[in-house]
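Below is one structure; the comments refer to it alone.
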Amino acid sequence: MTVRVNINTVRSIIKTNDRLMEIAFASDAVMKTEIHEETEIIIGKLLQDIPKAKEWRIYDHCAVVTRLYAIYERFVEELISDWLILLPGLYQRYSDLEETIRNTHQMGVGRLLTELKKSRYEHLTSEKVMQGLFYGNTGEKQYELLPDAFLIHEQNLRKETLERLFANAGIPNTWIWVEKHRSIQNFLKEIRGNQNTAEGELNEFIAYRNDAAHGFPDQVLGASALLELCDFVDSLSQALAELVTYEVIKRKEFIGQIREFGKITEWFKKSNAVVAIVKEVKLSVGEKVFLVNENTSCCYLVAINSIKIDDKPVNDLQATTEMEVGLQFDLSAKKGLRLYQLEVE
């Protein structure tokens, strides 16, 4: 995911700046033992224009939290946009869409037409704004859902705003999914000791961003705390991405483009292997399948590294009736996850 690449870049900058500060403000004796002689001239030039430690920390804090929020907001908007672009292929007729989606689309188109002169919409024309709605109502051509009509928001993407944006695009109960997601639960347990909630973390993150963007930060976070913010945004992004993937799979299953073929009955953590009951399926080593469980907010793609039938390895499996097989994936799994396979033409 692009969001993970961007977050990893922020992580690298935090660590690099933190190490540079250690070098810059270390004693001469420490520097001489840690820095090779031929690099002392380069480091010396670097130190000539170095800011004071406090100002450097403030700059790092503000740069990280504002950049992280921009990554988060852009990711949410692109994720919802991707979902909206897929919808015409999942719902053949505009009238088949949920009423909430159609209402949001119609109201969004109306609002865009009154705001087209704003710089944020300079990429749009009145024809482009109205086109998808026109085709949806007349059926003359394949309709489109203009993402801009769904992404009108003035508030920060806190829980309520986030839920509203997803719900208006036809994806309800977003925060319930987020709270149950393994990455969020692991972050709250391992990093916060279960002393905070997902909503609390998001509110704190946005508060840091607003202070940095609109005033002077009351609290300046160190490198460790900033890296933890990266971890939270990463976890939240993963949860949201899997939610949208689940909604796509659910709809594709309904229209016959994807199907469930089995369920994991045992999982062996050490070997990352599972026992599954499968039926009427053809599988091969290297093939990718989805692991899904709505109750635990799981929906992700894994590759099959090995297949065993009666403890004997095979490269291919063709099940015509229900049978038990051993599978090893490239990622971790859990008991109770359902297996989905894309239909092959």
Side-chain angles (χ1 to χ4, degrees), residues 2-3 6 65-175 177-178 199 202-203 205-215 233 236-237 240-241 243-244 247-248 251:
T2 304
V3 64
N6 289 332
V65 295
T66 52
R67 177 58 181 153
L68 264 185
Y69 182 81
I71 292 170
Y72 162 61
E73 184 176 56
R74 180 68 178 270
F75 173 74
V76 168
E77 293 178 349
E78 289 183 345
L79 188 62
I80 293 175
S81 296
D82 289 343
W83 161 253
L84 293 168
I85 290 169
L86 287 175
L87 283 181
L90 300 175
Y91 294 85
Q92 186 175 4
R93 295 174 300 185
Y94 187 76
S95 58
D96 292 336
L97 292 169
E98 294 178 11
E99 185 178 2
T100 299
I101 300 175
R102 287 183 279 116
N103 288 342
T104 303
H105 184 214
Q106 292 159 17
M107 290 187 291
V109 165
R111 183 168 174 182
L112 285 175
L113 288 173
T114 66
E115 299 184 359
L116 276 181
K117 292 184 178 180
K118 291 185 177 180
S119 59
R120 72 174 72 174
Y121 300 126
E122 60 185 9
H123 62 290
L124 296 175
T125 63
S126 57
E127 291 80 6
K128 178 64 175 176
V129 171
M130 294 186 290
Q131 180 177 282
L133 183 58
F134 175 77
Y135 289 146
N137 284 312
T138 64
E140 289 186 13
K141 292 184 180 180
Q142 176 71 50
Y143 73 90
E144 295 178 354
L145 297 173
L146 186 67
D148 299 83
F150 292 80
L151 297 174
I152 300 171
H153 66 95
E154 304 297 333
Q155 297 176 317
N156 294 136
L157 296 184
R158 299 179 190 270
K159 171 190 169 184
E160 294 79 10
T161 304
L162 189 69
E163 284 190 305
R164 177 177 57 80
L165 287 176
F166 276 89
N168 287 344
I171 301 179
N173 304 317
T174 297
W175 203 253
W177 178 282
V178 167
E199 183 179 4
L202 181 57
N203 287 340
F205 167 49
I206 291 175
Y208 289 137
R209 178 264 177 187
N210 289 344
D211 286 345
H214 305 301
V233 176
L236 179 57
S237 300
L240 294 173
L243 169 61
V244 173
E247 291 293 333
V248 173
R251 180 60 187 175

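Note that the structure is predicted; figures quoted are calculated from it, not measured.
- Residue Glu199 holds its CD atom at 5.5 Å from CG of Asn203, rounded to the nearest 0.5 Å.
- With Arg251 contributing its side chain and Leu90 its backbone, the two residues share a donor-acceptor pair below 3.5 Å.
- Between the CG atom of Leu243 and the CG atom of Leu79 there is a distance of 8.0 Å, given to the nearest 0.5 Å.
- Closest heavy-atom contact between Ala169 and Leu87: O-CD1, 4.2 Å.
- Ring geometry for His123 versus Tyr121: interplanar angle of 30 to 60°, hence tilted.
- The shortest non-hydrogen separation linking Thr174 to Phe166 is OG1-CB, 3.1 Å.
- Put simply, the side chain of Tyr143 reaches to within 4.5 Å of the side chain of Leu97, judged on heavy atoms.
- Ring geometry for Tyr72 versus Phe205: interplanar angle over 60°, hence perpendicular rather than tilted (30 to 60°).
- Two residues are said to be in side-chain contact when any heavy atoms from C-beta on lie closer than 4.5 Å; His105 and Phe150 meet this criterion.
- Taking 4.5 Å as the limit, some side-chain heavy atom of Arg164 sits within range of a side-chain heavy atom of His153.
- We find the OG1-NE2 distance between Thr66 and His214 to be 10.5 Å, quoted to the nearest 0.5 Å.
- Residues Leu202 and Val178 have side chains not in contact (no heavy-atom distance under 4.5 Å, counting atoms from C-beta outward).
- Among residues at least two apart or in separate chains, salt bridge (Lys or Arg N to Asp or Glu O under 4.0 Å) pairs with a member in residues 119-136 are Arg120-Glu154, Lys128-Glu144.
- Looking at heavy atoms from C-beta onward, Val76 lies in side-chain contact with Leu240 at the 4.5 angstrom threshold.
- Annotation for Thr161 and Leu157: closest pair CG2-CD2, 3.8 Å, computed over non-hydrogen atoms.
- Looking at Leu116 and Leu124, their side chains come closer than 4.5 Å, going by heavy atoms from C-beta outward.
- The NZ atom of Lys159 lies 13.0 Å from the CD1 atom of Ile206; values are rounded to the nearest 0.5 Å.
- Other residues, nucleotides and ligands contribute only 12 or fewer heavy atoms inside 6.0 Å of the CD atom of Gln92.
- Between the side chain of Trp83 and the main chain of Val244, no donor-acceptor pair closer than 3.5 Å is present.
- Annotation: side chain of Leu113 is in contact with side chain of Ser126 (closest heavy-atom distance under 4.5 Å).
- Residues Phe75 and Val233 form no side-chain contact, since every pair of their non-hydrogen atoms from C-beta on lies 4.5 Å or further apart.
- Between Leu84 atom CG and Ile101 atom CD1 the span is 7.5 Å, to the nearest 0.5 Å.
- Nearest heavy-atom pair, Arg102 versus Tyr94, reported as atom, atom and distance to 0.1 Å: CD-O, 3.3 Å.
- Around CZ of Arg74, the count of heavy atoms belonging to other residues, nucleotides or ligands within 6.0 Å does not exceed 12.
- When all heavy atoms of Leu151 and Leu165 are compared, the closest pair comes out as CA-CD2, 4.3 Å.
- Closest of all the heavy-atom pairs between Gly108 and Ile152 is O-CD1, 4.1 Å.
- Of the inter-residue distances, the one linking Tyr69 atom OH with Asn156 atom CG reads 4.0 Å to the nearest 0.5 angstrom.
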